[in-house]
Amino acid sequence: MNSFKLKTNYKPIPDQERAIETLARGITGGEKYQTLLGVTGSGKTFTMANVIEKVQRPTLIISHNKTLAGQLYQEMRELFPDNAVSYFVSYYDYYQPEAYIPSTDTYIEKDADINETIDKLRLAATTNLLTRSDTIVIASVSCIYNIGSPREYGHFVFEFTEGMKISRDQIIDRIVDLQYERSDFGFNRGTFRVRGDSIDVYPAYLDEGIRIELFNNSIKSVKTINTVTGAVISKQSSVTSYVLYPAKHFMTNPESYKEVFEVIKRDLDIQVKKLKSEGKLLEAHRIAQKVTYDLEMIQEVGYVKGIENYSRYFDGRKPGDAPFTLLDYFQEPYKDKWMLMVDESHMTFPQIRGMYNGDLARKQTLIDYGFRLPSALDNRPLRFEEFMRRVPNFIASSATPNDWEVSLSEGNVTELLVRPTGIPDPLVEIKPVKNQVTDIIEEIKKTVAKKQRTLVTTLTKRTAEDLSAYLAEQGLKVQYLHSDVKTLERTDILDALRNGKYDVLVGINLLREGLDLPEVSLVAILDADKEGFLRSDVTLIQTMGRAARHVEGRVIMYADKVTGSMERALSEVKRRREYQLKYNIEHNITPVSISKPMRERIIEFESGERGPWVFGSKEPVFESLPHLELDAMTPMEKKRLVKNLTAEMRLAAQDLNFELAAEIRDKIKEIGKV
């Protein structure tokens with residue numbers, strides 16, 4: 001069994017050692033709930049990593065947004081290079097849920113743009129949990145959504161080894177049962193190809209392919225291959241069996257179709273009669289037509305768009321039963337011998353609470369108007385009480401924990417108020433709102449002159465975008481960051497700020513918690529006196545904390561009055577600053593700015609697409625065009641190339657490089673004509 005092994009040159013300071021010992025003792029001693037109150041820069045992530053090594057249990061870390069989840073994933077992957085560190089967030093770059101608006105008789109079909117790389121990382125997470133006990137999963141709140149039964153997922157595997165007696169057709173049938181699609185002309189994630197007595201499979205959860213070579217109805221060899229070149233990377237041992245896991249989380253067993261279909265048809269009859277009794281003849285016809293079509297598709301190909309709405313039948317659940325989620329992939333193999341850590345718990349717990357009701361309202365409308373069976377209600381996120389019943393324990397980590405997790409911890413609150421660097425909380429200056437934009441430009445320029453970075457927070461997306469455009473006109477290198485920016489691009493933008501591509505980031509709420517940006521010395525909060533969620537005391541404390549990683553860190557609040565939230569935030573920041581300064585004097589510490597190397601990107605390019613013009617080269621796609629043979633590309637490859645070029649064109653436009661954007665646009669049109 002693999003064990004967690006932390007690899008780092010850093011040693012915990014006494015304050016961190018105390019926290020590590022206390023938290024680890026609480027877990028092993030059976031304490032269900034604990035809270036870690038740690039100021040920004042105190043090493044909460046490092047402390048949690050040490051707890052994981054000390055306790056030696058599979059661990060789920062939940063963060064409330066994808067940007068922080070990505071950052072945590074990178075940090076944990078560095079700290080535990082020999083262990084299975086996984087990333088589990090929503091795999092949609094764009095998601096429009098299925099919905100119906102009765103007032104305008106508008107049906108909105110589900111539309112989604114799935115990021116294949118994130119899908120691969122999700123599948124890798126569940127595969128790791130079923131095969132390795134040394135697994136850490138960094139997740140967003142998508143971990144409480146239905147993903148199908150771990151038993152069914154683990155049941156649908158294809159285990160094989162060299163010398164195994166099996167025909168080519170039998171192997172193909174088994175691979176198809178695992179929802180892999182045959183694609184002899186394009187080798188993509190979740191597909192396989194057949195060339196004579198050789199079968200190449202591209203596992204949905206790996207970056208390498210598997211080649212199965214046969215001779216005389218037996219497996220001659222199993223090799224790992226490069227999915228682009230087809231070159232052999234390594235050969236599997238003849239005594240080691242290889243296990244191929246499914247290409248999708250939702251799996252259906254063909255042997256159970258007859259029994260399951262009978263239950264679905266019975267529920268369909270009940271729903272049709274109910275709708276007819278209510279005078280809804282159109283709705284009754286609609287649901288009958290839809291379900292009949294879906295069942296025919298499942299019967300023929302084992303899958304249909306929206307199959308998750310029938311998951312309750314295939315999982316064997318009763319109406320109202322909780323769905324299977326990522327938590328069950330911990331619970332199934334490890335029972336209660338795993339650990340939950342909730343990062344920025346003051347935001348994450350409320351988000352988990354709110355998921356269920358929003359989903360319920362949308363689904364009920366679809367059911368009432370004949371678009372879905374009532375079973376769709378069971379394809380849902382967990383209710384909060386269901387979530388709490390499934391977690392054996394938790395460590396809530398935050399600089400500003402809510403009263404709820406503190407009270408639940410019953411005094412088990414561990415404080416980390418000391419930064420190893422000796423940097424105190426930043427000094428705060430309050431300036432009038434009038435001329436705040438003019439003033440912040442001057443302040444940013446002073447910061448840029450010292451080769452430092454700035455964060456600016458606004459109240460709306462529109463303001464963030466408009467301010468970004470105006471700052472760019474003033475000659476500043478600027479970018480905005482908000483929820484419309486794709487998941488993996490956010491991490492790249494933060495890295496670009498660190499390495500100097502941008503001088504300043506403008507945002508709303510994504511610049512609050514956890515961002516590890518040592519180069520930032522100035523945080524500016526516009527309209528700080530507008531009382532509300534975005535300017536609450538918790539938000540202000542978290543936002544000001546972004547300047548606490550630089551020895552010259554400072555905060556400017558633009559406000560015409562001091563609100564109650566501002567007063568509470570300033571008081572807490574003052575308390576923490578005084579605590580650190582006192583500690584520095586007692587231990588003769590001279591504050592120094594944090595120095596952290598740039599981390600590897602989660603993936604090499606944001607698109608998640610695969611091909612010789614994307615992976616294996618750091619050269620931009622557009623600059624690679626002269627080396628590509630467009631005439632030799634398949635239609636699918638051209639489609640991907642256009643998608644990558646479109647992403648580059650938009651980035652060029654965001655950087656105000658309109659000449660380059662126009663060149664790329666013309667090239668996209670040219671490729672479309674080929």
For [Y], is there an ion pair with [X] - N to carboxylate O distance below 4.0 angstrom?
X	Y	answer
E21	K54	yes
K431	E443	yes
E572	R576	yes
D495	R498	no
K44	D343	no

Under a 3.5 Å threshold, yes or no: a donor from one side chain and an acceptor from the other, between [X] and [Y]?
X	Y	result
T463	T458	no
N128	T135	no
E552	S521	no
T400	Q542	yes
S565	T563	no

Parallel, tilted or perpendicular for H346 and H64, by the 30°/60° rule? tilted

Going by the angle between their ring planes, with limits at 30° and 60°, are Y33 and F394 parallel, tilted or perpendicular? tilted

Give a yes or no on whether [X] atom [atom1] has more than 12 heavy-atom contacts from other residues, nucleotides or ligands under 6.0 Å away.
X	atom1	answer
E410	CD	no
K530	NZ	yes
K450	NZ	yes
E531	CD	yes

Please evaluate residues T414 and R18 with respect to the criterion side chain to side chain contact (heavy atoms under 4.5 Å, CB included), reporting the C-alpha separation (whole Å), side-chain torsions for both, the decisive distance (0.1 Å), and the verdict. CA-CA 9 Å; T414 303; R18 174 185 52 79; 3.8 Å; yes

Counting only N and O atoms by type, is there a donor-acceptor contact under 3.5 Å from the side chain of [X] to the main-chain atoms of [Y]?
X	Y	answer
E519	R453	no
Q16	I13	yes
N83	K5	yes
R535	L526	yes
T539	F533	yes
R549	V520	no
S468	A464	yes
R554	V428	no
T646	V642	yes

Test item: [X] and [Y] side chains (from C-beta on) under 4.5 Å apart, heavy atoms:
X	Y	value
L408	F349	no
K667	M649	no
V433	Q436	yes

Nearest heavy-atom pair of [X] and [Y]: which atoms, and what distance?
X	Y	answer
Y583	P14	OH-CD, 4.5 Å
E75	T45	OE1-CG2, 3.0 Å
I136	F4	CG1-CE2, 3.5 Å

Residues E405, V342; criterion side chain to side chain contact (heavy atoms under 4.5 Å, CB included); working and verdict: CA-CA 10 Å; E405 55 254 42; V342 184; over 6 Å; no

Would you mind telling me which of [options] makes a side chain to side chain contact (heavy atoms under 4.5 Å, CB included) with [X]?
X	options	value
R577	D425, V39, I423	D425
Y558	D439, D527, D529	D439
Q474	V437, I441, I444	I441

